Structure formats: structure tokens, C-alpha cells
Amino acid sequence: MYYIDPHIHMVSRVTDDYERMARMGCVAMSEPAFWAGYDRGSVDGFRDYFRQLTEFEPKRAASVGIQHYTWLCINAKEAENISLSREVIAMVPEFLDKPNVLGIGEIGLNKNTKNEAQIFWEHMELALKTDELILIHTPHLADKYKGTRMIVDMLRDDPRIKPERVLIDHVEEHTVRVAKEHGFWCAMTLYPVTKCTPSRAVDIIEMVGNDKIMVNSAGDWGPSNPTAVPDFIQEMRKRGYTEAKIRKIVYDNPLEFFRQSKRFKFREPA
Amino acid sequence: MPAIQSAPQILDQVFLDMRAKLLEVAASLDRLDRATSADTVAQDPRRQRIQKTLEILTTQQKNRAEQLQLLFSDTYDEKWARPGAR
């Protein structure tokens with residue numbers, strides 16, 4: 001089955017991973033800007049990173065027939081540094097005309113601090129000003145519920161925000177309804193230890209349905225599995241779901257969300 | 001989207017996996033109790049939360065996973081100070 005991985009950090013993966021994903025049926029992916037494992041020292045560090053996301057990764061993906069899209073921002077961990085964050089936010093528009101950019105992301109909260117909330121809000125302003133889609137990271141573990149509620153509060157406080165243009169990521173059992181009940185798109189991340197397993201993700205689908213929801217691997221430099229979406233597909237098959245029902249979650253839904261971006265020019269596989 | 005499989009089918013599929021995971025929890029609790037300073041850990045909020053999860057697992061409610069997640073979550077205050085324009 002063809003699938004799309006809507007959240008994966010390919011800068012941290014080797015070309016063999018692109019190969020394996022292509023063999024498993026991956027035809028497109030989107031790569032949000034994230035934390036490199038250390039705090040970058042200057043806006044130029046981000047400028048170089050954005051070049052990698054908009055120039056080099058699309059080429060590596062294309063070499064195995066995968067279409068690569070991306071999202072730009074300064075991530076929540078580094079958002080604690082307000083002055084650097086503002087420099088990055090001011091620089092992001094330099095890249096907004098690159099053909100593989102889908103919007104602003106993954107913005108969000110990490111430890112739910114005042115500075116993180118301020119920078120989230122300023123990213124939201126940028127997205128509104130430039131009419132971009134928004135991809136949101138929600139915190140991990142004990143911080144997730146509070147952080148997701150704070151994020152939804154900020155989004156709902158602003159009447160200019162269109163929920164159908166916002167994707168809230170890393171939802172789990174206790175946050176999926178918080179996102180869905182207000183009309184936002186949401187995604188579950190299949191990631192060992194700190195996030196969701198394929199079987200729990202299918203449980204969540206059984207509880208809330210398969211509208212406006214997708215799954216991703218968030219494969220990065222940590223212990224993660226870039227072919228986690230096929231594991232989810234396998235779990236759905238094991239439980240007896242039709243190919244059409246599975247395809248809606250792993251292909252149709254990401255396409256429907258991404259097609260709202262003016263730069264998304266997806267080529268259907270032959 | 002209700003589950004397609006019947007409860008007996010699901011039990012056949014998950015029994016060994018559930019058994020293994022419950023044994024891991026039981027063995028971890030035993031390990032804590034066998035170790036030195038076990039009394040100190042008994043007062044640790046994390047240990048107390050684990051005890052509460054065991055109580056949640058024995059209820060008949062259908063959202064046990066959600067309840068466990070909330071038990072392990074920080075408190076949310078809806079009156080938190082919102083950010084704004086500089």
C-alpha cells in the first residue's frame with residue numbers, strides 16, 4: 001500500500017532509510033524543523049539547516065522516488081531563547097517561496113514555559129500573516145496534557161485561526177479529543193517509550209474514528225523507527241480493517257491536509 | 001469506528017503479550033521491594049502513582065488508558081497567563 005509519512009526528520013537518517021521507506025510504499029513525506037540535539041548558536045545555524053531541508057533533502061528523497069516536503073520554525077526547546085527565536089522567525093520568510101515548504105512547524109511547547117508560549121504565539125502570528133499551514137508539536141510525558149490544553153487555548157483565543165489549517169501532533173489517549181473536538185487535524189506519533197505504539201494508535205482510531213487524523217514515525221536521531229507507519233498498516237490489517245479504511249489514515253488524510261498549501265504539488269504514483 | 005474483531009479473538013491475540021507485560025510490572029515491583037531503602041521509595045510520588053494505576057486497571061471503566069495518562073500528567077490551570085504582542 002502507498003503511504004505518506006507526514007512527520008519524519010530525515011536529516012537524521014541515512015540514505016538507506018529512504019530506500020527502505022520507498023520499498024515499503026512511502027511515496028511522500030513531510031519533515032518539520034526540529035531540535036538538533038543541541039542548541040544552535042546563531043540564526044545562521046538555522047539558515048543552513050533550512051537550506052538542508054529545502055535543497056538537499058528533497059534531492060535525496062527524489063533519488064528513491066519519494067516526494068519531500070518540509071516545515072520551518074525554531075523548535076520549542078530552543079524557543080526558550082527569545083532573542084534568537086525572534087531572529088529565526090524574522091528569517092523564515094526567506095524560505096517561504098521554496099517549492100517544498102508546506103508551512104510553519106513544528107512549533108509548540110516543550111516544558112510549557114512562559115517563553116515557549118510567547119514564541120509559539122509569535123510563530124502563530126507569522127503563519128497568519130503569511131497565510132501558511134501550521135504544524136504543532138505537543139510536549140511529551142507529564143507535560144503533554146497541560147501543554148496541549150495551553151496550545152488549544154492560544155489557538156482558540158484567536159478568531160483568525162482556521163482549525164482545518166492546523167495539525168496538532170503527538171496526540172495520545174488523553175489529548176486526542178482535546179484536539180479533535182475543536183476541529184483541528186491531529187496526528188499520532190509511533191515512537192518507542194515516549195509516545196504511541198501501533199496497537200495503541202489503532203485503539204485510538206477505534207475510539208475517535210478515522211476523520212482528520214493521521215499517523216507518523218517522527219523518525220529522528222533518537223531511538224525511532226522510520227518504517228513505523230507500515231507497522232501501523234500491518235496492525236490494522238491484523239484486526240481486519242479494509243484497505244480503504246487504512247488508506248484513508250495513511251494516504252488520503254495527509255493529502256487532504258497538505259493540499260491546503262499553495263505549494264503542495266503532489267504527483268500521484270503511476 | 002468500532003473494533004471488527006470479537007473479544008475472544010482479541011484475547012487470543014493479546015493474551016501472551018499482556019501476560020508478559022504484567023509479569024514485567026510484577027517483577028519490577030518485587031525488585032523495588034527487595035532493594036535497600038525500599039521504605040523511602042514507598043513515599044516517592046512516582047511509586048504512589050504506580051499504585052494508583054494498579055487500582056485503575058482493576059476497574060470496569062472503558063477508558064483505563066486515558067485515566068492512566070491523566071494520572072501521569074501535570075495539572076492544567078485554565079487561567080494560565082496568555083502571551084501577547086510585544
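Every chain is numbered from 1, with letters handed out A, B, ... down the list of sequences. From a predicted model like this one, the values you see are computed outputs, not experimental measurements.
- Chosen from A:Val208, A:Asn210, A:Leu141, A:Asp157, the residue pairing most often with chain B at heavy-atom distances under 4.5 Å is A:Asp157.
- Only the side chain of A:Lys245 comes within contact range of chain B, with heavy atoms under 4.5 Å apart.
- Interface remark: of the candidates B:Glu66, B:Gln69, B:Gln5, B:Gln69 forms the most heavy-atom pairs closer than 4.5 Å to chain A.
- Side chains of A:Asp39 and A:Asn81: no donor on one and acceptor on the other come within 3.5 Å.
- Using modelled atom types, one side-chain atom of A:Gln118 and one backbone atom of B:Gly84 make a donor-acceptor pair closer than 3.5 Å.
- The choice from A:Met154, A:Met150, A:Glu172 that makes the most heavy-atom pairs within less than 4.5 Å of chain B is A:Met150.
- A:Met236 touches chain B through its side chain: at least one heavy atom from C-beta onward sits under 4.5 Å away, while N, CA, C and O do not.
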Worked check of side-chain hydrogen bond (donor to acceptor under 3.5 Å, both in side chains) between B:Gln9 and B:Gln13
CA-CA 6 Å; B:Gln9 283 175 315; B:Gln13 219 167 62; over 6 Å; no

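- Put simply, CD on A:Glu106 and CH2 on A:Trp71 are 10.5 Å apart, with the number rounded to the nearest 0.5 Å.
- Interface remark: of the candidates B:Pro2, B:Ala3, B:Ala65, B:Ala3 forms the most heavy-atom pairs closer than 4.5 Å to chain A.
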Using the side-chain hydrogen bond (donor to acceptor under 3.5 Å, both in side chains) rule, take A:Thr189 and A:His170 through it: C-alpha gap first, then chi angles, then the decisive distance, then the call.
CA-CA 5 Å; A:Thr189 296; A:His170 317 319; 2.6 Å; yes

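- The OG1 atom of B:Thr75 lies 12.0 Å from the CZ atom of A:Arg149; values are rounded to the nearest 0.5 Å.
- Using a 4.5 Å cut-off between heavy atoms, B:Gln67 does not touch chain A at all.
- Contact annotation for A:Phe120: neither backbone nor side-chain heavy atoms come within less than 4.5 Å of a heavy atom of chain B.
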